[in-house]
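Chain A is the first sequence line, chain B the second, and so forth, proteins listed ahead of strands; every chain is numbered from 1. If you're wondering where the values come from, they're calculated on a predicted model, not measured in any experiment.
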There are 2 protein chains.
Amino acid sequence: MLRTGPSSPKSARRKAPRLADVARLAGVSTATVSRVLSNPDMVSRQAREVVEDAIRATGYRLNHAARNLRHRRTGGVVALVPDLSNPFFSQILAGMSAVLAPASYNLLVADTRAMSAESILSYAEPSRADGLIVLDGGLPLERFERHVPLVLACEWIPGLSAPRVKIDNRAAAALAVAHLVELGHRRIGHVAGPPENVLTQARLAGLKQALEARGLPAPLVLAGDFSLDSGRRAGAQWLALPEDERPGAMFFASDAMACGFIGEVQHRGFSVPNDVSVMGFDDIELVAHMTPALSTIRQPRDAIGRRAASLLLDLIGGTDTAEDVILPVELVIRASTAPPRDR
Amino acid sequence: MLRTGPSSPKSARRKAPRLADVARLAGVSTATVSRVLSNPDMVSRQAREVVEDAIRATGYRLNHAARNLRHRRTGGVVALVPDLSNPFFSQILAGMSAVLAPASYNLLVADTRAMSAESILSYAEPSRADGLIVLDGGLPLERFERHVPLVLACEWIPGLSAPRVKIDNRAAAALAVAHLVELGHRRIGHVAGPPENVLTQARLAGLKQALEARGLPAPLVLAGDFSLDSGRRAGAQWLALPEDERPGAMFFASDAMACGFIGEVQHRGFSVPNDVSVMGFDDIELVAHMTPALSTIRQPRDAIGRRAASLLLDLIGGTDTAEDVILPVELVIRASTAPPRDR
DNA sequence: CTGAAAGCGCTTACAG
DNA sequence: CTGAAAGCGCTTACAG
């Protein structure tokens with residue numbers, strides 16, 4: 001149907017001009033055109049101007065696929081996130097993009113929950129991406145550690161040696177405890193993330209350690225999975241407890257769970273913080289606008305994204321700065337935490 | 001430093017095996033290896049087995065950049081979203097990915113808020129993406145309409161003829177009105193999106209039309225921009241109104257604004273829905289868990305993403321199904337709407 | 001069913 | 001400063 005000859009004037013789908021077309025029009029070699037594009041200083045002013053005119057005249061646009069093949073790079077970086085629908089990750093991704101775009105890397109985002117192990121692994125192939133930022137600590141990545149430059153952000157994978165950008169989760173949990181204890185709470189409950197998750201473990205350890213250091217009783221720990229709905233279920237469990245066994249303060253491993261909990265106990269006629277203080281983790285945007293506004297631990301999401309991206313760029317560039325980056329968190333005190341009622 | 005010869009055994013960075021390496025080991029031509037990879041039926045069983053062994057032996061992995069260059073495709077589809085941190089979009093993106101991945105297209109996501117017009121336009125170049133899904137109706141896209149297959153989702157660009165996947169925003173607004181009127185409300189207020197936004201206009205038009213059709217007074221309209229914070233400001237405005245001028249029901253062009261509003265009026269001691277009924281739009285995950293749980297209009301986000309992606313695939317494949325797709329919404333009645341108090 | 005060869009559209013030592 | 005030519009790693013008409 002379509003003619004393959006050099007010119008098919010009738011075809012609506014005229015072939016895009018190539019470097020060679022520009023070169024012909026300008027009366028120079030393709031090498032010179034290429035240099036004008038990527039190394040203008042190597043070219044005489046005169047030649048440069050002729051070429052630039054020809055580029056304009058032809059409407060030439062560089063073909064990135066060809067350049068990338070020649071450079072043996074893909075021009076893409078993949079971020080593997082455990083749950084795209086969690087707003088916690090959006091701002092991290094925006095931070096990455098802000099660093100990657102100027103370095104002319106595309107950011108590809110993939111939701112690992114929605115993918116087979118095989119297709120997740122396929123992202124680690126050098127021909128698919130120049131680098132990988134992994135935000136999911138549950139991935140079986142030991143197998144392809146060598147394939148492609150890789151950095152871990154937020155979560156990490158125990159056996160895997162790769163630079164990590166993270167917060168000090170134990171210290172963050174201790175910060176929450178300090179706040180609650182300062183308000184006068186002695187019985188503190190916790191709703192944890194998924195048991196095998198590294199963040200779950202670090203936050204729980206920090207919590208236990210902080211309580212112990214103050215001679216306070218070990219926390220009541222309820223199971224969760226970071227999701228809203230698991231927080232709601234934790235609310236139901238809290239309500240089902242005999243009144244004198246209900247912790248007066250609950251610390252959650254994620255804001256989403258704290259939201260679910262608050263919704264549930266409020267629906268059942270309880271007041272936060274009068275009946276129970278609630279402390280979240282993450283500081284996602286929405287929690288500042290709830291009633292009560294949520295006290296929480298703020299993670300520097302933009303910075304996490306930016307640092308992870310620039311670390312990866314270093315790695316791709318051959319600089320082996322395999323050091324971990326620990327970013328600071330911030331205790332944000334709002335209205336969901338208050339002194340215990342019965343004291 | 002690095003030897004360029006065919007074998008540099010000392011180098012840690014051994015070159016990845018190519019098709020030619022597999023062919024040599026198998027004792028066949030590269031054409032045959034290529035066929036085994038992409039068209040196994042064209043190859044005799046015997047040859048296929050030899051090649052498959054060689055692939056395993058060498059650990060060969062296909063280079064996608066090379067294949068894509070040859071096929072004159074990039075293997076990528078770009079989604080341009082107006083605000084990545086809005087959870088409304090995440091599930092739409094997940095829907096797209098679910099359709100695109102099996103067709104072996106990568107989904108690249110870019111946040112148009114964070115980009116220059118120039119770099120946004122650069123995504124429409126055929127060498128960067130095989131197609132574009134635009135979720136931002138405010139983009140100056142007339143200029144590159146021709147460059148790359150394109151579909152519009154959620155929002156649309158008036159001058160631009162491209163297939164659209166959307167909901168019936170006017171009908172959705174009418175649905176909200178019907179619910180509120182059925183509860184007994186006659187004075188209905190509205191918090192709109194950004195004035196130039198097409199969704200803002202369609203929803204407002206639907207609202208006005210539905211009120212008019214019932215002989216009810218025109219709505220009080222407050223300015224917003226879909227964000228949480230603009231909803232909070234609308235709350236302050238509502239509170240500042242003389243008591244007898246406050247609409248007893250407020251309909252919001254986004255859930256985020258409804259959340260901001262509720263937060264603000266609750267902080268000031270008012271009750272939803274006792275003092276004011278609140279109706280959102282979108283049904284983002286969190287609003288089911290607030291107190292009160294939000295009544296809203298549910299958009300079929302997963303379906304929007306899937307349909308947009310498959311329409312784009314059709315376009316890329318040359319099928320010109322340039323018809324618009326209108327997806328159904330659903331009225332979700334929860335606890336934030338109730339009959340007016342003084343009636 | 002299979003192979004030799006051209007080509008996708010660039011870039012870059014090398015030689016001048 | 002500039003050009004001829006090889007090459008990045010595949011795919012695919014074409015001929016056998």
- Of the nucleotides D/dA4, D/dT12, C/dT11, which has the atom closest to the A/S38 side chain? C/dT11
- Length of the CZ-C1' vector between B/R35 and D/dG9, whole Å: 16 Å
- Check the distance between C/dT12's C1' and A/L19's CG and give it to me in whole angstrom. 13 Å
- Item | Nucleotide nearest B/M42 when distance is taken to its side chain, options C/dT2, D/dT11, C/dT11 | C/dT2
- Query: B/N63 side chain: which of C/dT11, D/dG9, D/dT11 is closest?
  - Reply: D/dG9
- Item | Atom pair distance, as rounded to whole Å: CZ in A/R18 and C1' in C/dC8 | 10 Å
- Query: For D/dG16, what is the paired nucleotide under Watson-Crick or G-U wobble rules, both distances under 3.5 Å?
  - Reply: C/dC1
- Task: Using the P atoms only, state how far D/dC10 lies from D/dC14, rounded to an integer number of Å.
- Result: 24 Å
- Within the distance-only criterion (no hydrogens, no angle test), does the side chain of B/T319 pair as donor or acceptor with the backbone N or O of B/L315 below 3.5 angstrom? no
- D/dG16 to D/dT12 separation - C1' atoms, rounded to the nearest Å: 16 Å
- Report the residue (A/T30 or B/Q46) whose heavy-atom-nearest nucleotide on DNA chain C is the more 5′ of the two. B/Q46
- Note on the structure: In numerical order, the residues of residues 64-77 of chain B whose heavy atoms come under 4.0 Å of DNA chain D are B/A66, B/R67, B/R70, B/H71
- Return no unless some side-chain N or O of A/S44 is found under 4.0 Å from OP1 or OP2 of D/dT2. yes
- Does A/R45 pair with A/E49 as a salt bridge, N-O distance under 4.0 Å? yes
- Item | Side chain of A/Y60 (C-beta onward), nearest among C/dC10, C/dC14, D/dA5 | C/dC10
- Note on the structure: Considering only heavy side-chain atoms of B/V28, the closest of D/dC1, C/dG3, C/dG9 is C/dG3
- Message: Closest-nucleotide mapping onto DNA chain C: is B/D41 or A/L37 further toward the 5' terminus? I mean the 5' end.
- Response: B/D41
- Any donor and acceptor pair, going by atom type alone, linking the side chain of B/N68 with main-chain N or O of B/H64 inside 3.5 Å? yes
- Query: Distance under 6.0 Å and angle within 45° of the ring axis: does A/R301 meet both against A/F89?
  - Reply: no
